[in-house]
**Q** 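The structure's right below; bear with me while I get my questions together.
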2 protein chains.
Amino acid sequence: MKVTIYDIAEKAGVSIATVSKVINNKGRISVETRENVLAVMKELNYRPSIIATALTGKNTNTLGLLIPDLANPFFAELARSIEDSAKDLDYNVVICNTDYSSVKESEYIDLLIQKQVDGFILASGFEQMKPVETLIERNIPVVIVARELPEFAVMSVANDDYYGGYLAAQHLVEQGHQYIGILGRDLWSNRERIRGFNTYLEEQEIPLWPNFKYIEGVEHVEEAIKETRRLLSDAKRPTAIFACNDLLAAGAIRAARDLDFEIPEDLAIVGYDDTSIATIVQPTLTSVAQPIPEIGAACISLIVNKIQGIPVQNKNLKFNPTLMIRQST
Amino acid sequence: MKVTIYDIAEKAGVSIATVSKVINNKGRISVETRENVLAVMKELNYRPSIIATALTGKNTNTLGLLIPDLANPFFAELARSIEDSAKDLDYNVVICNTDYSSVKESEYIDLLIQKQVDGFILASGFEQMKPVETLIERNIPVVIVARELPEFAVMSVANDDYYGGYLAAQHLVEQGHQYIGILGRDLWSNRERIRGFNTYLEEQEIPLWPNFKYIEGVEHVEEAIKETRRLLSDAKRPTAIFACNDLLAAGAIRAARDLDFEIPEDLAIVGYDDTSIATIVQPTLTSVAQPIPEIGAACISLIVNKIQGIPVQNKNLKFNPTLMIRQST
DNA sequence: TTGAAAGCGTTACCAA
DNA sequence: TTGGTAACGCTTTCAA
């Protein structure tokens, strides 16, 4: 049923080798034969099997993307921008949700290796390094996005989390806040954000939040509500909150309003990622913006160059975040 | 570098045919040989190449998912639930954004056919039917999700849009509203939702909104803000708005508040999809809920059964939406 | 119970 | 400029 290179060869009265050459624009073929073959291909609506092609050692033009959770708007927007950029270069993306689970990370990597994807874009947490090492050992192109792995010589794309945290602190302090709560899960990128945040406070000789706790669990909004309640019920409550992503910030806003705190008068809030959430919440959310489309494009550009053997100068791209000031501060 | 069936065969001192049989649990193999081969496979960390397997006519265990826009939380959540369910059955999902573009729909379908995906889940608009017909003619499994194609004998999974619209109308009318604006793009599902909505109004002999216009453009929130402004500046302004998705509803909320309308006192708003947005906005949003996890699971179940040749009784699944009442009404 | 060999749709080398 | 053919890694049929 399916039309193969043999059908084309037969109908065009040439060998399959010749057909293969015109498909790939290789070798020397007379104009006539080429046009003839092309015509037959069009007539029969021929499409080479990528499967068969891949078996001979060529690429599958497929990339694996490991992401913690598509339902988190930041990752959805990142996945979207990666997919868009991939399409421009004729690549497809297999998206896998890991839920921050090391087991799933490892399973998916195994599976996608089996499927012979040309490269991996890792946006998952990877607190566990073994699967990534496997990739590197096997010399499979990898780009890490939204975090860094200084221990490895892998390509990476990220925003400068440290600087983003620094920006957030600076903004809040300039607004007169001294006592600032922090909301975030225990992830590499958040640790960086908090490190940048605290650095600014230290520079200003402002004491750090005394009983900071990382948030557990994946239900961002719910967790943030719970934790914000705790912070606000403190004897000496914070006048501002820095949330390590917009979802957490949305939870903080909700909790604050439930307790009849006015934002930003009684409590200022800064989020991170500047996703669509930031303009949907009320009041709109001041948030540290990552240039998501640029990040996505950079991932694809890095990995495709690597796949095609094109040397790149800078293998570790870092974009500057910017502070989007809105009503919440 | 890569370990193949030949390596296993050699090291185990058997033929590749034997190895293949133990891999697939076929034919009759002595316990000893089987265990020996298994041991060697484990030792060499052997993984069959899915590419090579596929070339022999077997499945790729990969599904194509065409979605209009991952950045829309409804589709992100749907994609996530589909991916989750797929993983449970050892399938991977290639996610493609179409931006509601017929050209992209068609390009992606072509490409994924070339890549020999085992089936397609179509959540994109498909106002243009040709690509879908191609799939059907080629006898490639397809399930349509979030809309129906009564013209075709394809499998489908959806919520009952007509009933969802009806529910929304009923709720608003019961709250005393008579003059209700509608926000929605011109899509099949929205036409159904609006049809259901209007049916209820007609049953109650309430006149329909006189100058209804479908919304254009993809920037949901922005478009909704613009259109809501228009509605609210009308001489006889609506007291309620039914938005065909939560993003539009969020835009309506923003526009209303910008104009100092109190919600729900001055303007009630009902959304659709009950995505995470509904509990993030302020006030929280009354929304017609689709059972997204069930819908995702149903898609995968239908298509995998079809792929594996397992007959299914009901090829067109319809889930009942439910109304989640919150602060906006 | 095991294995030889053909076949899946391509590519690429080497001859012609 | 063209074509024959081995090779890619696996499955499957048929013999042994």
Side-chain angles (χ1 to χ4, degrees), chain A residues 1-38 40-41 44-62 110-118 138 308, chain B residues 1-38 40-41 44-62 110-118 138 308:
Chain A
M1 213 52 312
K2 174 187 288 183
V3 9
T4 74
I5 203 171
Y6 285 94
D7 302 318
I8 306 298
E10 186 175 5
K11 183 142 190 175
V14 297
S15 74
I16 60 162
T18 303
V19 177
S20 177
K21 280 171 196 150
V22 351
I23 293 171
N24 299 292
N25 260 308
K26 280 195 174 173
R28 348 196 104 278
I29 304 287
S30 73
V31 196
E32 308 170 43
T33 354
R34 138 164 287 107
E35 306 222 309
N36 179 223
V37 170
L38 252 18
V40 175
M41 288 187 355
L44 267 45
N45 191 30
Y46 168 72
R47 306 260 178 252
S49 156
I50 297 190
I51 296 285
T53 306
L55 193 55
T56 71
K58 290 195 153 190
N59 289 335
T60 53
N61 273 44
T62 305
D110 258 27
L111 191 62
L112 294 177
I113 288 179
Q114 264 190 76
K115 294 206 172 170
Q116 235 163 101
V117 298
D118 299 333
R138 295 224 198 183
Q308 300 180 344
Chain B
M1 214 50 313
K2 174 186 290 182
V3 7
T4 75
I5 203 172
Y6 286 92
D7 302 319
I8 306 298
E10 188 175 2
K11 183 142 191 174
V14 297
S15 75
I16 61 162
T18 304
V19 177
S20 176
K21 280 170 196 151
V22 352
I23 293 172
N24 298 292
N25 261 307
K26 279 193 175 173
R28 349 195 103 278
I29 304 285
S30 73
V31 196
E32 310 169 42
T33 351
R34 137 165 287 105
E35 305 222 309
N36 179 221
V37 169
L38 251 19
V40 175
M41 288 189 351
L44 267 45
N45 190 28
Y46 169 70
R47 307 261 177 249
S49 155
I50 296 191
I51 295 286
T53 306
L55 195 55
T56 72
K58 289 194 155 190
N59 289 334
T60 53
N61 272 42
T62 305
D110 258 27
L111 191 61
L112 295 177
I113 288 179
Q114 262 188 78
K115 292 204 173 170
Q116 236 163 102
V117 298
D118 299 332
R138 294 224 199 184
Q308 301 181 344

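It should be emphasised that the depicted structure is a prediction, and the values quoted were computed from it without experimental measurement. Below, chain A is the first sequence line, B the second, and so on; all start at residue 1.
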**Q** Touch check for Val19(B), heavy atoms < 4.0 angstrom, all strands: base, sugar-phosphate only, or nothing?
**A** nothing
**Q** Applying a 4.0 Å non-hydrogen cut-off, can you work out what Arg34(A) is touching in the nucleic acid: base, sugar-phosphate, or nothing?
**A** nothing
**Q** Should Tyr6(A) be listed as having a side-chain N or O under 4.0 Å from OP1 or OP2 of dG3(D)?
**A** no
**Q** Looking at Ser30(B), does any N or O in its side chain come under 4.0 Å of the phosphate oxygens OP1/OP2 on dT2(C)?
**A** yes
**Q** Can you confirm whether the side chains of Lys115(B) and Thr62(A) place a donor and an acceptor under 3.5 Å from each other?
**A** yes
**Q** So, is Ser20(B) close to the dT11(D) phosphate, meaning a side-chain N or O under 4.0 Å from OP1 or OP2?
**A** yes
**Q** It should be established whether Lys21(A) places a side-chain nitrogen or oxygen under 4.0 Å from OP1 or OP2 of nucleotide dT1(D).
**A** no
**Q** 5'-most contact on DNA chain C: Gly57(B) or Ala17(B), nearest heavy atom basis?
**A** Ala17(B)
**Q** Between Arg28(A) and Ile16(B), which residue's closest nucleotide on DNA chain D lies nearer the 5′ terminus?
**A** Arg28(A)
**Q** Check this one for me: any side-chain N or O of Thr18(A) less than 4.0 Å away from OP1 or OP2 of dT2(D)?
**A** no
**Q** Please report the distance, rounded to the nearest Å, between NZ in Lys26(B) and P in dT1(C).
**A** 17 Å
**Q** Can you tell me if the side-chain N/O atoms of Ser15(A) get under 4.0 Å from OP1 or OP2 in dG3(D)?
**A** yes
